[in-house]
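What follows is a single structure, written as structure tokens, with notes after it.
Every chain is numbered from 1 and lettered A, B, ... according to where its sequence line falls, protein lines coming before strand lines. Excluded from the calculations below are hydrogen atoms, water molecules and symmetry mates; all remaining heavy atoms, backbone and side chain alike, are included.
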There are 2 protein chains.
Amino acid sequence: MTNSTEHPAPHNHSLCINTALTLAAQLCIERGVQLTAIRQQVLELIWADHHAVKAYDLLERIKPLQSSAKPATIYRALDFLREQGFIHRVESLNAFVGCTDLRSIHEQLLLICKQCENVEERHADSVMQALRQEFALAGFTAHHQAIEIHGICATCTQSNNTPPLN
Amino acid sequence: MTNSTEHPAPHNHSLCINTALTLAAQLCIERGVQLTAIRQQVLELIWADHHAVKAYDLLERIKPLQSSAKPATIYRALDFLREQGFIHRVESLNAFVGCTDLRSIHEQLLLICKQCENVEERHADSVMQALRQEFALAGFTAHHQAIEIHGICATCTQSNNTPPLN
DNA sequence: GTATGGTTCGTTACAATATAACATCTCAAT
DNA sequence: ATTGAGATGTTATATTGTAACGAACCATAC
Ligand SMILES: [Zn+2]
Ligand SMILES: [Zn+2]
Ligand SMILES: [Zn+2]
Ligand SMILES: [Zn+2]
């Protein structure tokens with residue numbers, strides 16, 4: 001199923017999901033940690049699209065599958081998925097998004113579209129390089145960073161400029 | 001009063017406060033907006049130091065001055081101060097910090113020390129330039145950005161390496 | 001003067017996000 | 001069988017943030 005009816009750049013999104021879930025499962029085995037049913041379901045729900053998802057939305061969506069689910073259920077799963085690097089927290093939205101590069105250790109920047117709500121993860125080596133120089137200048141030792149940009153994505157810009165022909 | 005007893009880089013902090021409050025008052029006049037007593041008090045409380053302050057902490061601190069203060073009181077003042085660019089919201093802390101460059105329009109990055117909790121605002125032109133190039137590559141139109149780095153500041157690194165001689 | 005209207009503030013209620021604490025379960029290793 | 005670590009169930013609560021509506025204030029216009 002391609003998501004050609006959705007606004008953001010169309011692609012075979014089931015491939016995204018399968019890739020992410022398969023790789024996550026594999027990494028859990030390698031690392032000797034458990035991708036339990038709850039954790040996998042939460043990861044799948046986050047991967048439903050490329051939007052950032054809120055914890056309580058996940059809670060509502062998982063209840064049909066896990067009727068006993070409570071806030072702690074979700075937050076524990078989110079903690080696990082974050083520790084494993086399978087998802088990122090979007091600080092400026094209090095929400096969570098699937099990581100699109102599970103294999104590499106990386107710092108990322110997030111391009112968040114206000115219109116279609118898609119979140120694009122980019123690695124932007126030149127930005128990260130400039131950041132490291134800035135840290136050196138400041139004598140700062142960085143442990144963790146959140147770089148979140150809100151605006152309008154390329155796809156929305158295009159479709160805004162070419163309105164539907166009625 | 002110099003804050004030489006505090007951990008972060010010592011400086012005459014009352015100068016920081018006075019500069020910020022004076023300039024803010026002046027800018028409000030220029031802009032035809034009102035720096036009311038509540039707004040000024042909140043700004044002063046935020047400027048108590050270079051830490052990020054939480055809204056409900058501000059609420060507790062302002063109650064002696066404004067006994068009727070409620071959450072909305074604080075959030076309204078914070079909204080105003082943000083609109084005027086007098087403070088920044090630290091997304092990854094749900095907290096607020098005084099802006100150290102009221103005159104210029106700028107994007108900033110925040111270096112947040114986990115140890116002393118100081119927040120240093122930097123403008124980092126090379127980073128911002130690299131970011132703009134990344135946006136161009138991605139076809140992304142940026143409206144607002146949050147760049148927040150958590151780690152250990154220069155002052156703490158130094159004092160960690162030179163323990164007090166007992 | 002007083003009517004009008006915009007801004008600020010007081011107040012109540014509530015929504016949304018997140019964690020603490022403790023009990024229970026599971027399952028593998030001993 | 002016993003034990004211990006990890007995962008989950010459960011209840012309660014803490015923290016962060018908004019909605020909605022009315023009153024007060026103050027400047028301007030009539
Ligand atoms: Zn996809
Ligand atoms: Zn978009
Ligand atoms: Zn200072
Ligand atoms: Zn420090």
Fill in: Whole angstrom value for the distance that separates C1' of D:dT18 from CG of B:D79
10 Å
Pairs under 3.5 angstrom, nitrogen or oxygen only, protein versus nucleotides 15-17 of chain C, please.
| from | atom 1 | to | atom 2 | distance (Å) |
| --- | --- | --- | --- | --- |
| C:dT17 | OP1 | A:K54 | NZ | 2.5 |

Fill in: Nearest heavy-atom neighbours spanning B:S68 and B:T73
O-OG1, 4.3 Å
Discussion item. Salt bridge check, A:E120 against A:R122: does any charged N sit closer than 4.0 Å to a carboxylate O?
Written reply: yes
Worksheet item: Under 4.5 Å between side-chain heavy atoms, hopping through other hydrophobics if needed: is there a path connecting B:M128 to B:L110?
Response: no
Worksheet entry | Connected-component partners of B:I29 among ILVMFWY, side-chain separation under 4.5 Å | none
Fill in: Rounded distance in Å - CZ (A:R82) to C1' (C:dT19)
13 Å
Worksheet item: Rounding to a whole Å, what distance do you find between A:I74:CD1 and D:dT10:C1'?
Response: 15 Å
Fill in: Between P of C:dT19 and CG of A:L78, the distance in whole Å
10 Å
Item to complete: Return the value, rounded to whole Å, for the distance between atom NZ of B:K70 and atom P of D:dA20.
Response: 20 Å
Fill in: A:L59 CG to D:dG9 C1', straight-line distance once rounded to whole Å
13 Å
Fill in: Strand contacts (DNA chain D) in residues 23-42 of chain B, 4.0 angstrom heavy-atom criterion
none
Item to complete: Pick base, sugar-phosphate or nothing for A:A72, based on heavy-atom distances below 4.0 Å to the nucleic acid.
Response: base
Worksheet item: Between A:R89 and A:E91, is there a side-chain N and carboxylate O pair less than 4.0 Å apart?
Response: yes
Worksheet item: Think A:T73 has a side-chain N or O under 4.0 angstrom from the OP1 or OP2 of D:dT8?
Response: no
Worksheet entry | Member of B:Q108, B:H50, B:H88 meeting the side-chain hydrogen bond (donor to acceptor under 3.5 Å, both in side chains) criterion with B:E121 | B:H88
Discussion item. Salt bridge check, A:R103 against A:E30: does any charged N sit closer than 4.0 Å to a carboxylate O?
Written reply: yes
Item to complete: Please confirm whether B:H143 and A:H150 have ring centers closer than 6.0 angstrom.
Response: no
Discussion item. Expressed as a whole number of angstroms, how long is the span from B:Q66:CD to D:dA24:C1'?
Written reply: 14 Å
Discussion item. Let's test your reading of the model: under 3.5 Å, does the base of D:dG17 pair with the side chain of B:R76 as donor and acceptor?
Written reply: no
Worksheet item: Given side chains that start at C-beta, do those of A:F140 and B:T157 come closer than 4.5 Å, heavy atoms only?
Response: no
Worksheet entry | First of A:P71 and A:F80 reached from the 5' end of DNA chain D, by closest nucleotide | A:F80
